[in-house]
Q: 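Would you mind keeping the following structure in view while I ask a few things?
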Amino acid sequence: MKKFNMPVLCLLFVLAPSASLAQVEKTTVMVEMRDGVNLATDVYIDASFSQGPSLLIRTPYNKNLLQDLGEGGAGSGLVTVVIQDLRGRFASEGEDTTFFDDATDGEDCLAWLVAQDFSDGQVATMGGSALGITQYLMAGQGPTGLVCQWAEVATPDFYELGLFPGGVLRASLLEGWLEAQGSLARLAFFEENHLLNSAWDAVRLNDRFAEVQVPAAHIGGWYDIFVEGSIQAFSGYQYAGGDGARGAQHLIIGPWTHGGLGQLQQGELIYPESSHMDLGQAWTDWVLHCLLGEDSPAADWPAVRYYLMGDVDDPEAPGNIWRTTDDWPPEFHYVPLHLQADGGLDEAPAEESILSFPSDPADPVPTLGGANLALPAGPFDQRQVETRSDVLVFSTAVQEEPLEVVGRVLVELHASADLADFDLMARLSDVYPDGRSMLVADSAIRARLREGPIEENLLPQGQVGHMLVDLWSTAIVINRGHRLRLSISGSNVPRFDLNPQTGEPFRQHSHLQSGHITLHFGPVHPSKILLPVAGPASQTDAGTETDAGTETDAGTETDAGTETDAGTDGGTDGGGVLDSNNVASCDCGLKSQSNPLPLMMLVLLLGAIRRRPA
């Protein structure tokens with residue numbers, strides 16, 4: 001039998017005698033949805049079980065792969081485990097619609113489940129990535145019987161916080177994921193609906209958080225493909241949710257990639273032992289508390305636990321600790337770091353200047369790490385791309401004191417081009433004393449979508465456009481002796497879709513066009529990073545060490561600051577950032593390795609299955 005490291009099996013080991021596994025019975029039922037399509041559903045029940053709560057998992061990755069989980073969970077004798085193939089996947093009927101029917105299918109499945117004789121009407125859902133997305137969409141229906149959720153590395157907004165940040169398709173993510181499932185035929189749908197239209201309503205909770213009625217644990221990673229989605233789900237449930245959800249949420253974010261939850265090595269960095277968190281035990285505590293109503297440490301969890309990253313080479317460096325807080329983000333203020341003509345980054349505004357660089361889609365700037373799925377993920381040294389002539393690099397002076405960055409990082413750029421269309425790619429990195437430029441976050445904006453992803457508006461050649469690149473959130477201390485660096489380019493391939501720069505309709509170009517992109521900066525065009533620095537504005541500046549929280553271990557509740565703006569307006573605009581210090585305000589939602597196939601399928605299961613090392 002394969003060995004798996006997963007939360008439910010941790011629950012099994014704590015609660016279930018191994019002998020009871022032989023008494024678990026599996027029954028497969030075809031559950032009818034409201035449109036007549038039947039979904040294949042496995043029900044695992046121990047012989048000693050009469051009636052009680054259930055664990056529900058809905059998966060696109062074949063319910064049969066989760067048989068160990070079903071038998072293990074049901075073997076406790078405390079719950080039934082119900083595992084369902086999504087519409088059009090494996091044993092289920094219908095057409096694979098990649099989440100676009102999961103809100104209603106999830107609601108229908110839950111209605112069927114709570115009507116069964118073995119159910120006491122209480123159901124918890126669990127899973128990560130795709131299995132987490134299905135949970136969020138179900139919760140937005142406000143279904144009867146749902147009592148709590150455990151969602152790892154998932155997003156409640158499949159458009160902006162999923163596939164099209166800044167209006168630019170995350171090409172490798174989508175195409176690699178569809179290919180791994182044998183679902184490349186679905187690519188045409190996403191190409192036809194590359195703008196934010198009503199078709200996306202089915203996979204965005206942005207205006208439905210008030211329907212959510214349950215507590216949930218949201219697990220994410222700073223290098224995860226959906227990190228801002230985990231934060232938006234927490235904020236939406238916590239501050240705009242219904243009566244059972246508001247104030248009852250928990251957010252855990254570690255220094256993790258999408259497939260690296262709990263591991264010390266992420267990308268090219270190895271984090272200290274302090275970064276470890278026993279997510280299996282956390283899951284066990286959560287289920288005991290929220291589903292089974294038993295005493296457990298989860299009853300006293302803080303609202304937010306986040307790992308503050310730091311210099312991994314210096315054991316005396318600040319950071320590399322877990323912190324807790326009552327709200328996300330902790331208290332911070334935006335510090336503007338202006339781009340300088342000499343390649344610097346400084347709080348002082350620059351003189352009005354321009355810098356140009358070439359952009360050739362026939363020779364794009366390559367991806368090096370980041371929040372990826374099928375590509376190598378995590379913090380990678382960016383020096384290989386920073387030396388290219390088509391990349392502009394801006395760095396701060398060497399830090400004399402540690403700089404604590406906690407929150408959502410924004411890059412405000414003013415740019416023009418001799419091209420019909422172009423992209424701007426921003427990469428933020430932590431430059432170590434030995435020269436390594438380790439990626440912290442990166443993202444993109446497409447010039448024609450600079451006013452938002454609803455309608456295209458080509459920027460006339462030579463005209464300066466104002467663009468905002470949302471790098472999403474992070475938590476890191478830039479140590480003394482380090483520098484903070486921003487690099488700007490016109491491509492980041494294959495992480496982001498290649499822009500042919502011709503201005504032709506999306507993915508209908510007839511040729512590629514090379515040219516030059518020009519950055520403008522100074523009093524008239526204040527191109528800058530808006531850096532979320534920990535602490536109140538009156539007590540800190542961009543070079544001063546601050547204390548924005550209390551050092552803790554992974555399981556101790558502390559008060560890590562005062563109540564602050566949660567960083568969203570309740571989720572109705574995709575999680576827009578609000579700047580209480582008037583440095584900037586924006587609507588950052590609506591506006592503004594190829595791994596072998598078996599490994600990729602395991603990666604996509606994420607929180608549901610994590611293979612143990614040999």
Q: To the closest 0.5 Å, what do you measure between CG (Leu471) and CD1 (Ile529)?
A: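 Answer for the CG-CD1 pair, Leu471 versus Ile529, is 8.0 Å.
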
Q: Has Ser429 got a side-chain atom pairing as donor or acceptor with Val431's backbone, closer than 3.5 angstrom?
A: no

Q: Within the structure provided, determine whether Leu339 and Leu486 are in side-chain contact (heavy-atom separation under 4.5 Å).
A: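 Sidechains of Leu486 and Leu339: in contact.
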
Q: Is the side chain of Gln340 donor-acceptor paired with the backbone N or O of His338 at a distance under 3.5 Å, no angle test?
A: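 Side chain of Gln340 to backbone of His338: a pair is present.
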
Q: Does Gln232 reach the main-chain N or O of Pro156 with its side chain, forming a donor-acceptor pair under 3.5 Å?
A: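 Pair absent, no side-chain N/O of Gln232 close to backbone of Pro156.
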
Q: Under 6.0 Å from the CD atom of Gln461, do we count more than 12 heavy atoms belonging to anything else shown?
A: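 Above 12, so yes.
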
Q: Between Arg485 and Ser395, does a side chain to side chain donor-acceptor pair (under 3.5 Å) hold up when you go through it step by step?
A: CA-CA 4 Å; Arg485 176 170 291 168; Ser395 305; 2.8 Å; yes

Q: Between Ser487 and Gln382, does a side chain to side chain donor-acceptor pair (under 3.5 Å) hold up when you go through it step by step?
A: CA-CA 9 Å; Ser487 63; Gln382 300 299 300; 5.9 Å; no

Q: Any idea which heavy atoms bring Ile231 and Trp222 closest together, and the distance?
A: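 Here Ile231 and Trp222 meet closest at CD1-CZ3, 4.2 Å.
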
Q: Is there side-chain contact between Pro532 and Val409, with heavy atoms separated by less than 4.5 Å?
A: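 Yes - at least one pair of side-chain heavy atoms lies under 4.5 Å apart.
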
Q: Distance alone, cut at 3.5 Å: any donor-acceptor contact between the side chains of Ser172 and Arg495?
A: no

Q: If you define the side chain from C-beta out and look only at heavy atoms, does anything of Glu412 sit under 4.5 Å from Leu468?
A: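 Side-chain contact under 4.5 Å: yes.
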
Q: Evaluate the side-chain proximity of Glu160 to Leu196: yes if any heavy-atom separation is below 4.5 Å, no if none is.
A: no

Q: Within the distance-only criterion (no hydrogens, no angle test), does the side chain of Arg208 pair as donor or acceptor with the backbone N or O of Asp201 below 3.5 angstrom?
A: yes

Q: Hey, mind stepping through Trp177 and Arg186 against side-chain contact (heavy atoms from CB on, under 4.5 Å) and telling me if it holds?
A: CA-CA 11 Å; Trp177 180 62; Arg186 280 291 289 173; over 6 Å; no

Q: Could you tell me whether the side chain of Pro494 reaches within less than 4.5 Å of the side chain of Leu375, counting heavy atoms only?
A: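 Contact flag for Leu375/Pro494 side chains = yes.
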
Q: Ignoring hydrogens and angles, state whether a donor on the side chain of Gln266 or Thr257 is under 3.5 Å from an acceptor on the partner side chain.
A: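 The answer is yes; a qualifying pair exists.
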
Q: Are the ring centres of Tyr136 and His218 closer than 6.0 Å?
A: yes

Q: Could you walk me through whether Arg87 and Thr97 pass the side-chain contact (heavy atoms from CB on, under 4.5 Å) test, one step at a time?
A: CA-CA 7 Å; Arg87 176 181 294 252; Thr97 57; 4.2 Å; yes

Q: One thing to verify: whether Arg436 and Glu268 come together as a salt bridge, which I'm taking to mean a side-chain N less than 4.0 angstrom from a carboxylate O.
A: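 No, this pair does not count.
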
Q: Phe506 ring centre to Arg446 NZ or CZ under 6.0 Å, with the angle to the axis within 45°?
A: no

Q: Locate the shortest heavy-atom distance separating Gly267 from Phe380; write the atom from each residue and the value.
A: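 Heavy-atom minimum between the residues: CA-CE1, 3.5 Å.
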
Q: Side chains of Ser473 and Glu228: donor-acceptor distance under 3.5 Å anywhere?
A: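 Yes, because at least one side-chain N or O of Ser473 sits under 3.5 Å from a partner of the opposite role on Glu228.
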
Q: Tell me yes or no: between the side chains of Arg58 and Thr134, is some donor less than 3.5 Å from an acceptor?
A: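 Absent: no donor and acceptor within the cut-off.
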
Q: Quick one: are Trp328 and Gln238 in side-chain contact, heavy atoms under 4.5 Å?
A: no

Q: State the CD1-CG distance between Ile219 and Leu251, to the nearest 0.5 angstrom.
A: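 Output value for this atom pair is 7.5 Å.
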
Q: For the CD atom of Gln513 and the CG atom of Asn499, what is their distance to the nearest 0.5 Å?
A: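 Rounded to the nearest 0.5 Å, the CD-CG separation comes out at 11.5 Å.
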
Q: Distance from Thr59 atom OG1 to Leu131 atom CG, nearest 0.5 Å?
A: 4.0 Å

Q: Indicate the atoms forming the closest heavy-atom contact of Phe90 with Pro60, along with that distance.
A: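 Smallest heavy-atom distance, with atoms named: CE1-O, 3.2 Å.
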
Q: side-chain contact (heavy atoms from CB on, under 4.5 Å), that's the test. Do Trp256 and Glu152 meet it? Break it down for me.
A: CA-CA 11 Å; Trp256 306 316; Glu152 295 183 358; over 6 Å; no

Q: Would you say the side chain of Ile270 lies within less than 4.5 Å of the side chain of Val312, judging by non-hydrogen atoms?
A: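 A side-chain contact is absent here, since even the closest heavy-atom pair is not under 4.5 Å.
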
Q: Check for a donor-acceptor pair, side chain of Asp85 on one end and backbone N or O of Ala40 on the other, with a separation under 3.5 Å.
A: no

Q: Is a donor on one side and an acceptor on the other found under 3.5 Å between the side chain of Ser437 and the backbone of Arg383?
A: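 Judged by distance alone, no pair lies under 3.5 Å.
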
Q: Ignoring hydrogens and geometry, is there a side-chain-to-backbone donor-acceptor pair from Gln135 to Trp150 under 3.5 Å?
A: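 Looks like yes, one N/O pair under 3.5 Å.
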
Q: List the atom of Ile225, the atom of Arg170, and the distance in Å for their closest heavy-atom pair.
A: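 So the two residues come closest at O-NH2, 2.6 Å.
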
Q: Stepwise, does the side-chain contact (heavy atoms from CB on, under 4.5 Å) test hold for Asp157 with Trp200?
A: CA-CA 9 Å; Asp157 175 358; Trp200 292 93; over 6 Å; no

Q: Starting at OH of Tyr306, measure out to CD1 of Ile252 and round the result to the nearest 0.5 Å.
A: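 If I round to the nearest 0.5 Å, the distance is 14.5 Å.
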
Q: Consider ring-ring contact (aromatic ring centres under 6.0 Å, His included). Of His525, His520, His414, which one does His466 pass it with?
A: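 Looking at His525, His520, His414, the match for His466 under the ring-ring contact (aromatic ring centres under 6.0 Å, His included) is His414.
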
Q: Provide the closest heavy-atom pair for Lys63 versus Ala91 in the form atom of the first, atom of the second, distance.
A: CE-CB, 4.3 Å

Q: For atom CD of Gln384, decide whether the heavy atoms of other residues, nucleotides or ligands shown that lie under 6.0 angstrom number more than 12.
A: no

Q: Please report the interatomic distance CG(Leu269) to CG(Leu264), rounded to the nearest 0.5 Å.
A: 12.0 Å

Q: Heavy atoms, side chains only, cut-off 4.5 Å: are Leu519 and Phe394 in contact?
A: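 Answer yes - side chains close enough.
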
Q: Judged by modelled atom types alone, do Ser92 and Gln84 share a side-chain donor-acceptor pair under 3.5 Å?
A: no

Q: Is it true that Phe357 and His516 have ring centroids separated by less than 6.0 Å?
A: no

Q: Hey, are Ser183 and Arg89 close enough side-chain-wise for a donor-acceptor pair under 3.5 Å?
A: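 Note: Arg89 and Ser183 side chains meet the donor-acceptor criterion.
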
Q: Out of the candidates Phe496, Phe190, Tyr159, Phe158, only one should pair with Phe164 under the ring-ring contact (aromatic ring centres under 6.0 Å, His included) rule; please name it.
A: Tyr159

Q: Would the distance check show the side chain of Arg450 and the main-chain N or O of Ala447 forming a donor-acceptor pair, the cut-off being under 3.5 Å?
A: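 Yes, because the side chain of Arg450 sits within donor-acceptor range (under 3.5 Å) of the backbone of Ala447.
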
Q: Checking Tyr223 side chain against Leu439 main chain: does a donor-acceptor pair fall under 3.5 Å?
A: yes

Q: Checking Asp390 against Ser359: is there a side-chain donor and acceptor pair closer than 3.5 Å?
A: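 Not at all, the side chains of Ser359 and Asp390 share no donor-acceptor pair under 3.5 Å.
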
Q: Which residue is it: Val469, Leu355, Leu424? I am looking for the one with a side chain to side chain contact (heavy atoms under 4.5 Å, CB included) to Ile488.
A: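 Testing Ile488 for a side chain to side chain contact (heavy atoms under 4.5 Å, CB included) against Val469, Leu355, Leu424 leaves exactly one candidate, Leu424.
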
Q: Identify the heavy atoms of Met425 and Ser491 that sit nearest to each other, and give their distance.
A: CG-C, 3.4 Å

